[in-house]
Amino acid sequence: MNMAARLLPSLLRALVRSSVMAKILVWAVSIATEIWLSVTALGYTGALIDALAGHDGARFQHTLWKLLLVALVHALLIAANLYLNDRVAMEARSSLVDGWLPRWLDGEVLYRIEREHALDNPDQRIAEDLKLFVDKTLALGSGFYVMLLGVGTYATLLWEQGGAFGFTLGGRALAIPGYLFWMALVFACVGTVLSRWIGKPLVNLTMRQQRVEADFRFGLIQAREHAEQVALWRGGEAEYERATGRFEQIRRNWWRLAFFQVRLQVATLGFTMLPMYCGYLLMAPKVLDGAMTVGAMTMLSAAFGSTVTRLNWPSMVWGEVVQWMAAVKRLGEMDGAIAEPASRADPRAEIRVLRSGAAAVTVQRLALCLPDGTALTGIAELQLRPGERWLLRGPSGVGKSTLLRALAGLWPHGRGTIGMPAQGVMFVPQKDYLPWGTLKAALAYPQRPEAYGDEACRQALIDVRLPQWVDRLHERERWSLQLSPGEQQRLAFARVLLARPAFLFLDESTSALDLDTERHLYQLLLKRLPLAALVSVAHRSTLDAFHDHRLLLASARPAAADDAPLPHQPWMQNA
């Protein structure tokens, strides 16, 4: 419950920030009024039955009109309370999402969580678990408030109008004051203990159900997004087996979950319906003796059932409590994954990236390794100045792309110091990211579409040989499926031309292009960005002509102690 103690204050702050406290106060008064009207309606119902029993037509009509008026106001209040509850829930959820999204997407957190497999389905936790947390917290909080008001109101009615239960024991006349209330309390206590015992396994089962449902949905989305590759590989049967395998996990967990939910539901309904009939049994002797009217018995029986229901609230909502606890636990795991720094085998071994206003990229005693400590490669000293053009080469797996990740601050595994300019740095991966939305939004990413004029965007597309798309800037599509891999790489170069970075790092960014288009794009970069520092990771020898420095990365020796010599200096050459 420690995570609940951390999340609830954030929810309270969200409520305050979203200016819904006034709505909550109005809602609280409305709920209290609703309960008062319920008690008033019970009184009128009892009077109505007594008027019928006494054949008093005038009293019957007068009471009936009062009851109808109370019922109308009661119905309007219920509708208003539903609206206020939904409004508060949406505003609170909006405020929490606004707080969690930047934490997840800020800096390198998103990449670190995926790189280290620190969390399953973080998107589901923000999209669904936050909603579930808000909805269940408000529902449970309002239910607890209603329980307190209801118990106080109905218990007072039972105590005052139910009177005492008299009996004889050992020749002595005894009486139990407020016996209806005490019986209601006994029913509620037994129901709560029983439901808590039955529903205990539901927390872990509910968490697992949420996870396997998310895995199943993610697998279907993955197949849809790679529809062409699946079709080309004739992978329909393999995808079917994967999907049915994931769904089988859903089905198996569901059966266990349903078994415990049915047991809990039977116990809850039993202890909810039983008091409705026990109330008549407890009050029948007084009615038969003439000490209580039938109308009073009807009213008090309903009040007895309502009191038991209110007192039995913890057992009735245990299923919702289970869902709430599961959501809190999953959000707690995400909160920990976001806050936890990148894992390192040795806390002394780290790659420090220092960002400043310097006009060069510097590397000092850099050693790269895998998360398990296996050495990749290293650089003793390197400086990249404006206008220089470097070509990085080396055998596959040596760490060329990893070096770019380290320069970007995304790779903590290793040691050494990297100095990076605070502004004007751009990294272009081999497979680009195209967000859903307009083509202009994909072209301007990560800037807002308004950052560039339409004419500049059209010209950039023409420059990179994508003239067929210039008239579709404002069309909304899934561009990662509309554009071929080569077109996506050309779009990335158009993005570079618009952004005009001072330091540009290209990681196999022309691997899907023909040699003529590759040559055209590099000539375009050198012409449009003559003062920019250019670093390319590539295997093609055709790129030699566009770079005046070479850096050949070689495999390092096995990792040693912290004071061991660095891997040998890579081969450098000026063109």
Side-chain angles (χ1 to χ4, degrees), residues 25-85 142-143 145-166 175-185 187-188 272-313:
L25 293 177
V26 172
W27 170 85
V29 173
S30 180
I31 287 291
T33 306
E34 183 184 330
I35 292 176
W36 176 77
L37 288 175
S38 298
V39 175
T40 303
L42 283 179
Y44 286 149
T45 302
L48 197 68
I49 294 175
D50 285 338
L52 287 172
H55 305 284
D56 189 343
R59 182 185 175 193
F60 172 80
Q61 291 184 7
H62 182 69
T63 305
L64 180 60
W65 283 112
K66 288 183 177 179
L67 183 59
L68 290 175
L69 179 62
V70 169
L72 177 61
V73 176
H74 194 188
L76 293 175
L77 277 177
I78 290 175
N81 288 337
L82 288 174
Y83 167 76
L84 285 172
N85 184 76
S142 63
Y145 173 68
V146 170
M147 181 200 70
L148 292 179
L149 289 180
V151 168
T153 303
Y154 290 114
T156 301
L157 185 64
L158 290 178
W159 194 286
E160 291 180 350
Q161 299 195 27
F165 180 74
I176 302 177
Y179 75 105
L180 292 176
F181 170 74
W182 295 117
M183 287 301 299
L185 187 61
F187 270 110
T272 301
M273 298 174 65
L274 188 61
M276 295 172 59
Y277 305 104
C278 288
Y280 290 109
L281 181 64
L282 292 171
M283 287 175 279
K286 287 193 173 186
V287 175
L288 295 175
D289 291 342
M292 182 182 292
T293 65
V294 175
M297 182 189 71
T298 303
M299 177 189 68
L300 289 175
S301 179
F304 180 80
S306 296
T307 303
V308 174
T309 300
R310 298 296 192 278
L311 289 171
N312 205 32
W313 177 79

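Quick caveat, the model's predicted, so the values are computed rather than measured. Quick note: numbers below take in every heavy atom, side chains included, and nothing from hydrogens, waters or symmetry partners.
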For S30 against L77, the heavy-atom pair lying closest together: OG-CD2, 3.2 Å
Exceeds 12 heavy-atom contacts within 6.0 angstrom, atom OH of Y145: yes
Closest contact, heavy atoms only, I78 versus E34: CG1-OE2, 3.6 Å
CG-CG distance between L69 and L64, expressed to the nearest 0.5 angstrom: 11.5 Å
Option among V26, I31, T33 that satisfies the side-chain contact (heavy atoms from CB on, under 4.5 Å) test with V29: T33
Heavy atoms from other residues, nucleotides or ligands near NE2 of H62 exceed 12 (cutoff 6.0 Å): no
N85 (side chain) donor-acceptor with N81 (main chain) under 3.5 angstrom: no
